[in-house]
Amino acid sequence: MHVLLIGSGGREHALAVKLKQSPLLTRLSCAPGNAGIAAVAEIAPLDPADHAAVIAFCRREDVGLVVVGPEAPLVAGLVDDLAAAGIAAFGPSKAAAQLEGSKGYTKDLCAEADIPTAAYGRFTTQADAEAYVRAKGAPIVVKADGLAAGKGVVVAETLDEALAAVAACFEGAFGAAGAEVVVEEMLRGEEASFFALSDGETAIPLAAAQDHKRAFDGDTGPNTGGMGAYSPAPIVDEAMAEQIMVEIIHPTVAAMKRRGTPFKGVLFAGLMITAEGPKLIEYNARFGDPETEVVLPRMQSDLLALLLASVEGRLAGTTARFSDETALTVVMAAKGYPGPYAKGSVIENLDAAEALGATVYHAGTAHADGRLVATGGRVLAVTALGSSVRDAQSRAYAAVDAIHWPDGFCRRDIGWRAAAREG
Ligand code: AMP
Ligand code: GLY
């Protein structure tokens, strides 16, 4: 089967490497891709936002499955347009991607299906949101409703901070994403990411991971897309995984089906593991980045077969197998990220890192004049497998240290909490 992968990040590089291992795969294309993906897939000269061009490519090149990595094309309805053209595509429809596209939508679904989550209110006027914030008091969490690239959330410790966040949303700090605001109770506990695969009817667990969202060591500095991750998440043992499936994932899949918008694809639950059990913070309708760079290296099942089972409604009775090893990834980002950063700096010695047994997933790279250069904020995800978090951590950092990139930086403490648990 010829598979077309959509995306250009470390997530898509990890998806490409795993898809490549499938005996069902005969050809792999990717758009827009990056320099790392170009080593495992053909780069298709396509703009994924041009749905007609994607459809024409699939027809011309006999593509049997399109795998959509990022959220933007899902929310833009790429899967719907492909399906209408008779082309199989992995990922949710535009309507089902609302689980990620609108926080208010997901909160209402939780209320309807009795899914544990923070108490909340939805507001379309500043006065109503302010009144709710004043009534509830701080600490409290203020969120722009729509997609705001991870920046639309303020965990406010004081009332003033909360009111300022409400004002910023309604004054247009997040554009259309802030026209509606969700205000919710602050949850305390440890965060974890849980991945499940659904075919609209049945969901099966994949794996759990934990990431580090802050830019700097000690979980300080501004929020980013993620500076590193590890899987499994020690806090999500087998019993916790079962509880998450029963209390959160299965009710979500059932409620989406009842609404007439069955969810097919990856359900990525952002969870707070509280003293009262797991609570849903948010859903993403896709694989995580950099979580995919630690989940897929542990996967022992055929990824392509699982994705096809999701598309074709055949997940019942299947399972996804994972090794017990720990995978840990360290993100190398351009200096300045998540603020302004320069593009085009030269990266060297990836071979030396891979010779140490690590896998270097490319997140934002290109070739220029025969050299590898950085083209994004997050640029590389350096992943190693190990027998423990500490083992995976020391292998990943040995590989990071072999890479020569003076214009990049990384955190030196990825996995600290899980490593401390190992004693
Ligand atoms: P979100 O974009 O909804 O995932 O929020 C981004 C981050 O804000 C989460 O990963 C949490 O660290 C934090 N957060 C969001 N909602 C809450 C909440 N209700 N209580 C505590 N922290 C939260
Ligand atoms: N790492 C978080 C995300 O993929 O949204």
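By convention here, the first residue in the shown sequence is residue 1. The shown structure was predicted, so the numbers you read here are calculated from the model rather than taken from an experiment. In each ligand, atom 1 is the first atom listed, and ligand 1 is the first ligand listed.
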For this session: Show your reasoning for whether side-chain contact (heavy atoms from CB on, under 4.5 Å) applies to E180 and F123.
Result: CA-CA 6 Å; E180 179 172 333; F123 304 97; 6.0 Å; no

Exercise. Does R188 come within less than 4.0 Å of ligand 1, judged by its heavy atoms?
Worked result: no

Say you draw a straight line from [atom1] of [X] to [atom2] of [Y]; how long is it, rounded to the nearest 0.5 Å?
X: L267; Y: M245; atom1: CG; atom2: CE; value: 9.0 Å
X: L74; Y: E71; atom1: CG; atom2: CD; value: 8.0 Å
X: L308; Y: D199; atom1: CG; atom2: CG; value: 12.5 Å

Exercise. Does any pair with a residue in residues 301-314 pass side chain to side chain donor-acceptor pair (under 3.5 Å), and if so which ones, sequence neighbours excluded?
Worked result: S22-D302, E312-R314

Proximal ligand 1 atoms for [X], defined as those under 4.0 Å from one of its heavy atoms:
X: E282; result: 1 (P), 2 (O), 3 (O), 4 (O)
X: L187; result: 18 (C), 19 (N), 20 (N), 21 (C)
X: I281; result: 3 (O), 15 (C), 16 (N)
X: M272; result: 21 (C), 22 (N)
X: K143; result: 3 (O), 15 (C), 16 (N)
X: E184; result: 16 (N), 17 (C), 18 (C), 19 (N)
X: K213; result: 10 (O)

Exercise. Does any N/O atom on A118 come nearer than 3.5 Å to any N/O atom on ligand 1?
Worked result: no

Side chains of [X] and [Y]: do they bring a donor and an acceptor to under 3.5 Å?
X: N349; Y: H404; value: no
X: S231; Y: R298; value: yes
X: H212; Y: D219; value: yes
X: Q210; Y: E291; value: no
X: S102; Y: D145; value: yes

Exercise. Who gets closest to atom 14 (N) of ligand 1 by heavy atom: V182, T106, V183, V155?
Worked result: V155

Exercise. Heavy atoms only: which of V153, V142, L280 is nearest to atom 8 (O) of ligand 1?
Worked result: V153

Problem set entry | V141 contact mode with ligand 1 (heavy-atom cut-off under 4.0 Å) | side chain

Exercise. Any idea which residues sit under 4.0 Å from ligand 2, heavy-atom distances?
Worked result: D211, G225, F268, N284, R286, G288, D289, P290, E291

For this session: Would you mind telling me which of K279, R417, K213 makes a salt bridge (charged side-chain N to carboxylate O under 4.0 Å, His left out) with E191?
Result: K213

For this session: Would you check if the side chain of T252 reaches a backbone N or O of I248 as a donor-acceptor pair within less than 3.5 Å?
Result: yes

